[in-house]
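Here's the structure we're looking at; comments come further down.
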Amino acid sequence: MTCAWALLYIERWLTASMLQEDGTIIERSRGTPQGGVVSPILANLFMHYAFDLWMARMFPDLRWCRYADDGLVHCRNEMEAQSVREALQARLAECRLELHPTKTRIVYCKDDRRRGKSETVMFDFLGYCFRPRSVLGPHSQNMFCGFTPAVSKPALNAMRATVRGLTLRRRTEVTLDDIARELNPMVRGWIAYYGRYTRSALYPLARYINQTLAIWLKRKYKRFHHRLGRARLFLEKIARENRRLFVHWQLGDGGKLA
């Protein structure tokens with residue numbers, strides 16, 4: 001009885017009308033509205049049958065991962081990757097879906113063990129950029145080329161845009177402690193997620209925040225007007241005396257004040 005009610009509820013919700021911002025009403029006959037509370041759940045349920053179970057049945061020896069509508073399939077060579085791509089394209093067409101025309105690519109994971117040539121040797125996934133990088137061996141302490149993740153440029157740009165959106169540089173009525181209380185929860189979350197791999201890739205974000213704080217100091221205090229260099233030196237002094245005031249100050253020397 002409960003299951004029947006749930007299915008009926010979902011069906012009614014799927015076909016419900018949508019109220020636009022201008023007041024007009026659009027009748028829906030299929031699909032779920034973007035941003036809807038239950039939309040991600042329904043999408044994952046659909047993709048579980050359209051993709052997950054299909055992959056397990058058709059390619060049981062291949063490793064793959066999926067997050068919502070983004071996914072990766074690990075293949076052993078380019079020919080196999082082409083075959084999987086064609087099969088997946090046909091499968092999604094059966095489900096009235098399609099592969100993204102520009103984001104769907106076959107990537108060669110080049111490193112010291114895979115030294116072939118390919119035009120595409122990098123990709124972004126869940127905010128990380130995977131590409132060949134110089135890596136320090138954990139045991140040998142020698143540098144080698146590995147195919148490793150680090151925060152992607154679009155993710156860095158989005159974080160900078162979030163900081164910029166706080167308009168901290170113009171808010172001279174607040175204190176440095178106020179800024180720390182507002183900024184630290186966001187930065188702590190970014191570091192916890194993106195700092196798990198190649199933490200040094202977050203140094204540009206730390207330097208951008210430091211630059212923002214220095215400009216804030218310059219505008220707040222008269223003695224720093226037109227003296228950005230002195231504002232930076234004063235900020236460095238604060239960082240030496242209270243390193244724990246801002247979370248990004250704990251990233252390391254690479255995130256030091258610019």
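Source: prediction; values computed, not measured.
- Summarising the geometry, atom OG1 belonging to Thr148 is positioned 9.5 Å from atom CG belonging to Asp111; distances are rounded to the nearest 0.5 Å.
- The shortest non-hydrogen separation linking Lys110 to Pro132 is O-CG, 3.5 Å.
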Could you go through Asp178 and Glu173, starting from their C-alpha distance and side-chain angles, then the distance that decides it, and tell me whether this counts as side chain to side chain contact (heavy atoms under 4.5 Å, CB included)?
CA-CA 10 Å; Asp178 293 332; Glu173 76 282 359; over 6 Å; no
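- With hydrogens and angles disregarded, a donor-acceptor distance shorter than 3.5 Å links the side chain of Asn210 to the backbone of Ala206.
- The aromatic rings of Tyr221 and Trp216 sit perpendicular, their planes meeting at an angle over 60°, well past the 30° parallel limit.
- Screening residues 164-201 for ring-ring contact (aromatic ring centres under 6.0 Å, His included), with sequence neighbours left out, gives Tyr128-Tyr193, Tyr128-Tyr194, Tyr128-Tyr197.
- Between Glu241 and Lys237, the shortest heavy-atom distance links the atoms OE2-NZ, 2.8 Å.
- From Arg181, atom CZ reaches atom CG of Leu245 across 9.5 Å, with rounding to the nearest 0.5 Å.
- Looking at Phe125 and Cys65, their side chains come closer than 4.5 Å, going by heavy atoms from C-beta outward.
- Residue Tyr203 is grouped with residue Met159 when hydrophobic side chains (ILVMFWY) are merged at heavy-atom distances under 4.5 angstrom, including chains of intermediate members.
- Summarising the local packing, CZ of Arg223 is surrounded by more than 12 heavy atoms from other residues, nucleotides or ligands at distances under 6.0 Å.
- The shortest side-chain heavy-atom distance between Asp124 and Lys103 does not fall under the 4.5 Å cut-off.
- Side-chain heavy atoms closer than 4.5 Å link hydrophobic residues (I, L, V, M, F, W, Y) into clusters, and following such links, possibly through other members, connects Met58 to Met47.
- For the pair Ile106 and Gln82, the minimum side-chain heavy-atom distance is below 4.5 Å.
- Here the straight-line distance linking atom CD1 of Ile215 with atom CZ of Arg169 works out to 3.5 Å at 0.5 Å rounding.
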Evaluation steps, side chain to side chain contact (heavy atoms under 4.5 Å, CB included), between Arg105 and Glu119:
CA-CA 11 Å; Arg105 295 179 296 167; Glu119 294 182 358; over 6 Å; no
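- Between the side chain of Asn184 and the main chain of Ala180, a donor-acceptor pair closer than 3.5 Å is present.
- In this structure the side chain of Tyr108 never reaches within 4.5 angstrom of the side chain of Thr120, judged on heavy atoms.
- Residues Leu53 and Leu92 do not share a hydrophobic cluster, clusters being chains of Ile/Leu/Val/Met/Phe/Trp/Tyr side chains in contact below 4.5 Å.
- Two residues are said to be in side-chain contact when any heavy atoms from C-beta on lie closer than 4.5 Å; Leu97 and Phe46 meet this criterion.
- Taking the six-membered ring where the residue is Trp, the centroids of Phe59 and Trp64 are separated by 6.0 Å or more.
- No continuous path of hydrophobic side-chain contacts links Leu88 to Tyr49 [ILVMFWY only; heavy atoms under 4.5 Å].
- Within 6.0 Å of CD on Glu94 lie more than 12 heavy atoms contributed by other residues, nucleotides or ligands.
- Without hydrogens or angle criteria, Arg66 side chain to Ala68 main chain gives a donor-acceptor distance under 3.5 Å.
- With salt bridges taken as basic N to acidic carboxylate O contacts below 4.0 Å, none links Arg91 and Glu86.
- In this structure, CE on Met186 lies 8.0 Å from CD1 on Ile209, to the nearest 0.5 angstrom.
- In this structure the side chain of Thr198 never reaches within 4.5 angstrom of the side chain of Val151, judged on heavy atoms.
- Under the 3.5 Å distance criterion, the side-chain polar atoms of Asp112 are matched with a main-chain donor or acceptor of Cys145.
- The local environment of CE in Met79 is sparse, with at most 12 non-hydrogen atoms from other residues, nucleotides or ligands closer than 6.0 Å.
- Taking NE2 of His225 as the start and CG of Leu217 as the end, the distance is 10.5 Å to the nearest 0.5 Å.
- Val107 has its side chain out of reach of Phe130: every pair of non-hydrogen atoms, C-beta onward, lies at least 4.5 Å apart.
- Nearest heavy atoms, Arg227 versus Lys218: N-CD, 4.1 Å.
- The nearest pair of heavy atoms linking Phe224 to Ala231 is CD2-N, 3.9 Å.
- Distance alone, capped at 3.5 Å, is enough to place a donor-acceptor pair between the Arg114 side chain and the Cys109 backbone.
- Contact record, Arg85 with Thr104: NH2-O, 3.4 Å, taken as the closest heavy-atom pair.
- Qualifying side chain to side chain contact (heavy atoms under 4.5 Å, CB included) partners for Arg131, counting only residues two or more places apart in sequence or in other chains: Met122, Cys129, Arg133.
- Put simply, Leu176 and Leu228 are part of two different groups of oily side chains (I, L, V, M, F, W, Y) that touch within less than 4.5 Å, one to the next.
- Put simply, CG on Leu62 and NE2 on His74 are 10.0 Å apart, with the number rounded to the nearest 0.5 Å.
- Between Cys75 and Val84, the shortest heavy-atom contact is SG-CG2, 4.1 Å.
- No more than 12 heavy atoms of other residues, nucleotides or ligands sit less than 6.0 Å from atom CZ of Arg230.
- One N or O on the side chain of Lys220 and one on the backbone of Thr172 form a donor-acceptor pair closer than 3.5 Å.
- No donor-acceptor pair under 3.5 Å is formed between the side chain of Ser118 and the backbone N or O of Val121.
- By the 6.0 Å contact criterion, CD on Gln250 is enclosed, its count of non-hydrogen atoms from other residues, nucleotides or ligands being greater than 12.
- Ring centroid separation for the pair Phe246 and Trp249 comes in under the 6.0 Å cut-off.
- No more than 12 heavy atoms of other residues, nucleotides or ligands lie within 6.0 Å of CD in Glu98, so this atom counts as exposed by the packing criterion.
- Side chain of Glu80 to main chain of Arg76: a donor-acceptor pair is present (N/O by atom type, distance under 3.5 Å, no hydrogens or angles).
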